[in-house]
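If you're wondering where the values come from, they're calculated on a predicted model, not measured in any experiment. Here is the naming used below: chain letters follow the sequence lines, and residue numbers restart at 1 for every chain. Hydrogens, waters and symmetry mates play no part in the numbers below; they use all other heavy atoms, side chains included.
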Amino acid sequence: MTQSKYKSDFLHVMEERGFINQCSDVEGLDKKLCEGVQSAYIGYDPTGPSLHIGHLYTVMMLHWFQQCGHKPITLMGGGTALIPDPTLKDKTRPLLSPADIETNVESLKQVFSKFLTYGEGPTDACMVNNYDWLAGLDYIEFLRDVGMHFTVNRMLTFESVKTRLDRELPMTFIEFNYMILQGYDFVQLHRRYGTVFQMGGSDQWGNIINGVELGRKMDRAELFALTAPLLTTASGAKMGKTEGGAVWLNADMLSPYKYYQYWRNVEDDMVGTLLRRFTLLPVAEIEKLEALQGQEINEAKKILAFEATRLCHGETAAQEAQATAQNVFEQGVAGTDLPSISIAESRLAAGVFVIDLFVETELAGSKGDVRRLIKGGGAKVNDGTVTDEKQTVSTEDLTPDGYIKLSAGKKKHALAWVESP
RNA sequence: GGAGGAGUGGCAGAGCGGUCAAUUGCACCUGACUGUAAAUCAGGCGACUUCGGUCUACGGUGGUUCAAAUCCAUCCUCCUCCA
């Protein structure tokens, strides 16, 4: 294990797990964290009902923060979600209704609870909503107190603003204000909870540092910022997408099996980074796994997939997912955890077009999609390649266990079970 | 308020009266090779289809034409310059 240059447990962990990208004042922060229990927050926009793995590494930061004896705060941007964030996407994102946001906040708390312990204790996590202080703001007062401290000159230099302007894309005033409100959040967190520390992804650096500066200007507060490197694949693309879309952390939006498969299929070069960031395995153990070469890396990927799934969906779900993956890929048989549909026995007896089953199991998006799959030789029924578009299956195709296995390509499989009368 | 310019498939970006379901790149899917990896090569990439076709699409709505993404009118949105 490498000798840490940090005194505080937390920074030590962040360092060895690769979470440190930029920090406003490492020494100061290190010292602060050694003084006693601190609270730190990360902001999340409740713009969707779940988190995906793009959010996950920040949640892990909070997780470790709590493990190191501090208090994590999840800040819900209930107020800022009413305002579009000007980042990345060139288009202004649609405004959400307050009711949607409230539903999302509730749903998100469930997800966070898998990684953080909420409660009333000194190091228990808590969830706050910036709607509480943003909703009632008086415009004039706000401009005088907060707007005073921002120069447009500086705001224009921020990456999110610059790219928009450079590309001659519109940015509305409401979006332009986003960063001010985010900075103001830090001030409020400090005033209300004594929070001196904010973390986030490196894309949030500008916003976070705004808060640090605003706190100093308004309250002479000493605030700290830490960002983690954004997750990109070894080939440079942003991580977190699968064929179906985002890799959600909710089981009802993405099954544990698929979640497991996502991790199982990551690029070789990512395994070490991901193990450090998304599992709780001791670093020493991770270092051993990182040393694996060639085909052996698959072993590391299995561990990554298992550990990541266990953390998010629990031991049982992880074992089931792993067992299914093993059955499917190593034994060549079906596993119970595969996506399934049920089909009435009477319907099956009459014969069902294979094409329809592929659509119903969502292995393909449309009938035309299945036809293409068949033409390309990627469609299989019970591991036999489908060659005829009009091929049907009936009760005779059922395996002894009472299902039909469908495959789209080598990795995507689904089962159609007969519905017992 | 005035003058120009632009709105095309997930994104970028061609087309500017028929041969356009729309060039191309990225992304994505499948096949081959492999290690459920990467790279590479090949094919595919609106929906439905009795595979002959049918339908829906180029900001919205009307119109001209045998025929429109392409022309005209109008509305909406955005950009640039001027006041």
If [N] has a Watson-Crick or G-U wobble mate with both distances under 3.5 Å, name it; if not, just say none.
N     : result
B/G35 : none
B/C58 : none
B/G1  : B/C82
B/C71 : B/G63
B/C11 : B/G25
B/C45 : none

For the side chain of [X], counting heavy atoms from C-beta on, which of [options] is nearest?
X        : options             : value
A/Glu389 : B/U36, B/C48, B/C51 : B/C51
A/Asp268 : B/C51, B/C33, B/G35 : B/G35
A/Ser366 : B/G35, B/C33, B/C48 : B/C48
A/Arg264 : B/U36, B/G35, B/C51 : B/U36
A/Ile297 : B/G35, B/U36, B/U50 : B/G35
A/Glu267 : B/A37, B/G35, B/G31 : B/A37

Nearest-angstrom distance from the residue atom [atom1] of [X] to [atom2] of [N]:
X        : N     : atom1 : atom2 : value
A/Glu299 : B/G35 : CD    : C1'   : 11 Å
A/Leu373 : B/C29 : CG    : P     : 12 Å
A/Ile355 : B/U49 : CD1   : C1'   : 10 Å
A/Arg371 : B/U50 : CZ    : C1'   : 11 Å
A/Phe358 : B/C48 : CZ    : P     : 15 Å
A/Arg372 : B/G31 : CZ    : C1'   : 16 Å
A/Leu304 : B/U36 : CG    : C1'   : 13 Å
A/Leu292 : B/A38 : CG    : P     : 18 Å

Under-4.0 Å salt bridge between [X] and [Y]:
X        : Y        : result
A/Arg372 : A/Asp369 : yes
A/Arg144 : A/Glu141 : no
A/Asp356 : A/Lys367 : yes
A/Glu419 : A/Arg347 : no

Candidates A/His63, A/Arg310, A/Gln67 - the one meeting side-chain contact (heavy atoms from CB on, under 4.5 Å) with A/Leu280: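 Result: among A/His63, A/Arg310, A/Gln67, A/His63 is the only option passing the side-chain contact (heavy atoms from CB on, under 4.5 Å) with A/Leu280.
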message: Let me spell it out: for each of A/Asp369 and A/Ala408, pick the nucleotide of RNA chain B with the closest heavy atom. Which residue's pick is nearer the 5' end?
response: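 Here A/Ala408 is the residue nearer the 5' end.
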- prompt: More 5' along RNA chain B: A/Phe329 or A/Asp356, using each one's nearest nucleotide?
  reply: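 On the 5' side of the pair lies A/Phe329.
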field: Residue A/Glu362 excluded, over 12 heavy atoms near CD under 6.0 Å
entry: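 No, because the 6.0 Å sphere around CD of A/Glu362 holds 12 heavy atoms or fewer from other groups.
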query: So does A/Lys411 get a side-chain nitrogen or oxygen closer than 4.0 Å to the phosphate oxygens (OP1/OP2) of B/A37?
result: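 So the side chain of A/Lys411 is within the cut-off, an N or O lying under 4.0 Å from OP1 or OP2 of B/A37.
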message: Just N and O in the side chain of A/Lys410: are any of them under 4.0 Å from OP1 or OP2 of B/G31?
response: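 A/Lys410 to B/G31 OP1/OP2: no side-chain N or O under 4.0 Å.
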message: Working note: A/His413 + A/Ser407, criterion side-chain hydrogen bond (donor to acceptor under 3.5 Å, both in side chains); need CA distance, chi angles, decisive distance, verdict.
response: CA-CA 4 Å; A/His413 307 277; A/Ser407 315; 2.8 Å; yes
Pairwise [atom1] distance, [M] and [N] [rounded to whole Å]:
N     : M     : atom1 : value
B/U77 : B/A42 : P     : 47 Å
B/G25 : B/C76 : P     : 39 Å
B/C45 : B/G60 : C1'   : 29 Å
B/G13 : B/C26 : C1'   : 11 Å
B/A73 : B/C78 : P     : 22 Å
B/C28 : B/G10 : C1'   : 9 Å
B/A68 : B/A14 : P     : 25 Å
B/U24 : B/A39 : C1'   : 23 Å

Considering every strand and a 4.0 Å limit on heavy-atom distances, what is the contact class for [X]: base, sugar-phosphate, or nothing?
X        : value
A/Lys367 : sugar-phosphate
A/Glu330 : nothing
A/Ala325 : base
A/Lys301 : base
A/Gly294 : base

task: Validate the cation-pi geometry between A/Lys109 and A/Tyr118: distance from NZ or CZ to the six-membered ring centre under 6.0 Å, angle to the ring axis within 45°.
output: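 The answer is yes; both the distance and angle limits are met.
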